[in-house]
Amino acid sequence: MSTARTTGYRTSDRSYSRNVKLKKRKKRSRVNLRRIGIIAATTLVAATAGYVIYNHLPVVKVNKAIAAGDKYSQDADYQAAIDSYAEAIEIDSHSVTAYSNMAGAYLSIDDYESAKQTLYNGFMETENEGLLDNYHAVIMNEAVKVINDQQADMSTVLAIEKVLSEDNTNSDAIGLLDSAYSRVFDDAYSYDVNALFRPDSVSSTEGSAKFSYAEYEAFIKELLSIYSASPSDELKEVILKYATPSEISFTISVSDAASYNDLLATIESTVSGSDSITSMRECLTNASDVLGIFSGIFEQLDVGNVDELRSFVVSDEYLALRDIFLKDEPTPQENTTYVPISREAIILNNNEGQWSYRFLNFEENPSTDGVITLWANFFEDDGVQRNAISYEPKSIEDNYYPHTKYSVTYLYSYITSGKATKVPKMNYRLDTTVTTQDGDQIETIVGDWGGENEWTMDIETIESRIKA
């Protein structure tokens, strides 16, 4: 019994055990199904989240924006393309592709300025040399276009110089500067001798009216700096070319003449000299010397001391300068009978590589502070050469009329001594002429001006006496 019971227990026990185990298995099966559902749901959520995260990754958004821009460019919708590339740059300011493609879109609509700005900004942000090279290429292509269209001016060569300053071994930039030289001066400034270096004097809308001597000087100095860093025969020739304009004639302000002379001296010491530079420096130096002769009398005339012309017209300095023109001696100052001297500007004229100069006269520069005219006409009284000079004072409120001109002559003539006696004597004569806008002239002559027997007569009385 005992054994039977034991076996039965065990059987019963085994049966119980099996039942328990079966139940447990069924329970596990239900648990696994639930887990499977949870895992599947979790996987779906993870996949969706991963998709969302992926699409929000900066690199993905940048690529999508660039791809959209490329598609817009293919469809010639360049503004939409630019907007897409701008979006890409806003996400990633280091995207070289976005900068490059955006510049290409700008070029497609001929917006060179925006293309250059985009490439340059991209280079500054990424330091990518390819963007810098493309930036330079756009600048030079634009320069070629304006040169071919005969619209080049000094701003064109300044743009080319910028390329050379950032890449001083760029032979293409040097070659383009060389090609631009004659086109720049001939196309932009030949219409008006005042246009180059004196933008304040330009009234025409042609060419460039916005260039100054200061900008020119900065241009040359930068070329000299580039040459010092990377000398080459090609750049040397370019500098020597640009040292003097190819113009037949141009005007430079007196206030800039000394600086220009110093600049040419620097070119000679840094690079080398040339016949054109030597000739130009002779003009600038001589102009300074001549103004030195007249500086004192100008100061007197500016305050109304016309009487000072008496002593000045017979001074050694004045007569020495007059004799150069009278005897046709070599001088860079243009040799004429009536030689204007003024303080505002000089005109430089090129004759087959040799420069000469003259000061502006009153008609050429009505806003002048006054013009003195040296008289170099040959006229003798009993073997004594006359000395003569004239002066036109500053206009009143820049109005040319009424226009006054004082002429002083030191001559040999008869003066009245006593009641009727005529005595020959060297004396001064002052002729004052006032011209109105209608062309009428009021003239007064003072004989023996400043002398003991000074007399005054208006021109009408003189003419009536001559007729009589």
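These numbers come from a predicted model, not from an experiment.
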Exercise for review: For atom OH of Y72, decide whether the heavy atoms of other residues, nucleotides or ligands shown that lie under 6.0 angstrom number more than 12.
Suggested key: no
Review point. Is any NZ, NE, NH1 or NH2 atom of the basic residue among K116 and E113 found under 4.0 Å from an Asp or Glu carboxylate oxygen of the other?
Key: yes
Practice item. To the nearest 0.5 angstrom, please state how far the CG atom of D369 sits from the CG atom of L301. Key: 12.0 Å
Exercise for review: Would you please indicate if the ring centroids of W355 and F250 are separated by under 6.0 Å?
Suggested key: yes
Review point. Between the side chains of S367 and N365, does any donor sit under 3.5 Å from an acceptor?
Key: yes
Exercise for review: Any chance you could lay out the side chain to side chain donor-acceptor pair (under 3.5 Å) test for D167 and T169, step after step, and finish with the verdict?
Suggested key: CA-CA 6 Å; D167 179 8; T169 60; 3.1 Å; yes
Practice item. Kindly indicate, with the supporting measurements, whether the criterion side chain to side chain donor-acceptor pair (under 3.5 Å) is fulfilled by W375 and T337. Key: CA-CA 6 Å; W375 292 26; T337 301; over 6 Å; no
Exercise for review: Measure up the Y410 and Y428 rings against each other and bin them: parallel (under 30°), tilted (30 to 60°), perpendicular (over 60°).
Suggested key: tilted
Practice item. Could you tell me if the ring centre of Y85 sits under 6.0 Å from that of Y99? Key: no
Using distance only, find each side-chain donor-acceptor pair of residues 216-232 under 3.5 Å and give its atom names and separation, not counting sequence neighbours.
residue	atom	partner	partner atom	Å
Y216	OH	Y242	O	2.6
Y216	OH	A243	O	2.8
E217	OE1	Y213	OH	2.7
E217	OE2	K221	NZ	3.2
S228	OG	L224	O	3.0
S232	OG	L235	N	3.1

Point to revise | Euclidean distance, L119 CG relative to Y106 OH, rounded to 0.5 Å | key: 11.0 Å
Review point. Atom CG in D83, atom CE in M102: separation rounded to 0.5 Å?
Key: 8.0 Å
Review point. Considering only heavy atoms from C-beta outward, does the side chain of S342 approach that of P340 to under 4.5 Å?
Key: no
Revision key, fill the gap. dist I66:CD1 -> I91:CD1 (nearest 0.5 Å) comes out at 9.0 Å
Point to revise | From Q333 atom CD to N286 atom CG, the distance as rounded to the nearest 0.5 Å | key: 6.0 Å
**Study point:** S272 versus L240, closest heavy-atom pair with distance
**Key:** O-CD2, 3.3 Å
**Study point:** Residues K162, E166: salt bridge by 4.0 Å N-O rule
**Key:** yes
Review point. At what distance, to the nearest 0.5 angstrom, does NZ of K64 lie from CD of E87?
Key: 11.0 Å
Point to revise | Shortest non-hydrogen separation from T244 to Y181 and the atoms involved | key: O-OH, 2.7 Å
Point to revise | Minimum side-chain heavy-atom gap I442-T433 below 4.5 Å | key: no
Review point. Given the rule in the ring pair (Phe, Tyr, Trp, His ring centres under 6.0 Å) test, do F362 and Y400 qualify, once you have shown the distances and angles that lead to the verdict?
Key: CA-CA 9 Å; F362 205 104; Y400 186 85; 5.4 Å; yes
Practice item. Applying side-chain contact (heavy atoms from CB on, under 4.5 Å), name anything that partners T436, two or more places apart in sequence or on another chain. Key: D438, D440
Exercise for review: Would you mind checking if K241 and D178 are paired as a salt bridge, meaning a charged N to carboxylate O distance below 4.0 Å?
Suggested key: yes
Review point. Are R343 and D302 ion-paired here, with the side-chain N under 4.0 Å from a carboxylate O?
Key: yes
Practice item. May I have the step-by-step check of side chain to side chain donor-acceptor pair (under 3.5 Å) for N121 and E125, ending in yes or no? Key: CA-CA 6 Å; N121 289 344; E125 193 70 35; over 6 Å; no
Point to revise | Sub-4.5 Å side-chain heavy-atom contact between I347 and S249 | key: yes
Review point. Do side-chain atoms of S279 reach the backbone of D275 as a donor and acceptor pair under 3.5 angstrom?
Key: no
Practice item. Verify whether the ring centers belonging to F294 and F312 lie closer than 6.0 Å. Key: yes
Check your understanding: How about L319: does its CG atom have over 12 heavy atoms from other parts shown lying under 6.0 Å from it?
Key -> yes
Point to revise | Exercise: identify the closest heavy-atom pair between S84 and A68 | key: OG-CB, 4.0 Å
Practice item. Return yes if some donor-acceptor pair links the side-chain N/O of S95 with the main-chain N/O of A98 below 3.5 Å, else return no. Key: yes
Review point. Just wondering, are more than 12 heavy atoms of other shown residues or ligands nearer than 6.0 Å to CD in E380?
Key: yes
**Study point:** Within residues 310-335 or reaching into it, pairs that qualify as salt bridge (charged side-chain N to carboxylate O under 4.0 Å, His left out) - sequence neighbours excluded
**Key:** E334-R358
Point to revise | Considering all heavy atoms, the nearest A103-T118 contact | key: N-CG2, 4.0 Å
Point to revise | T368 versus E344, side-chain donor and acceptor atoms under 3.5 Å | key: yes
Check your understanding: So, D111 and S114: side-chain donor and acceptor under 3.5 Å apart, yes or no?
Key -> yes
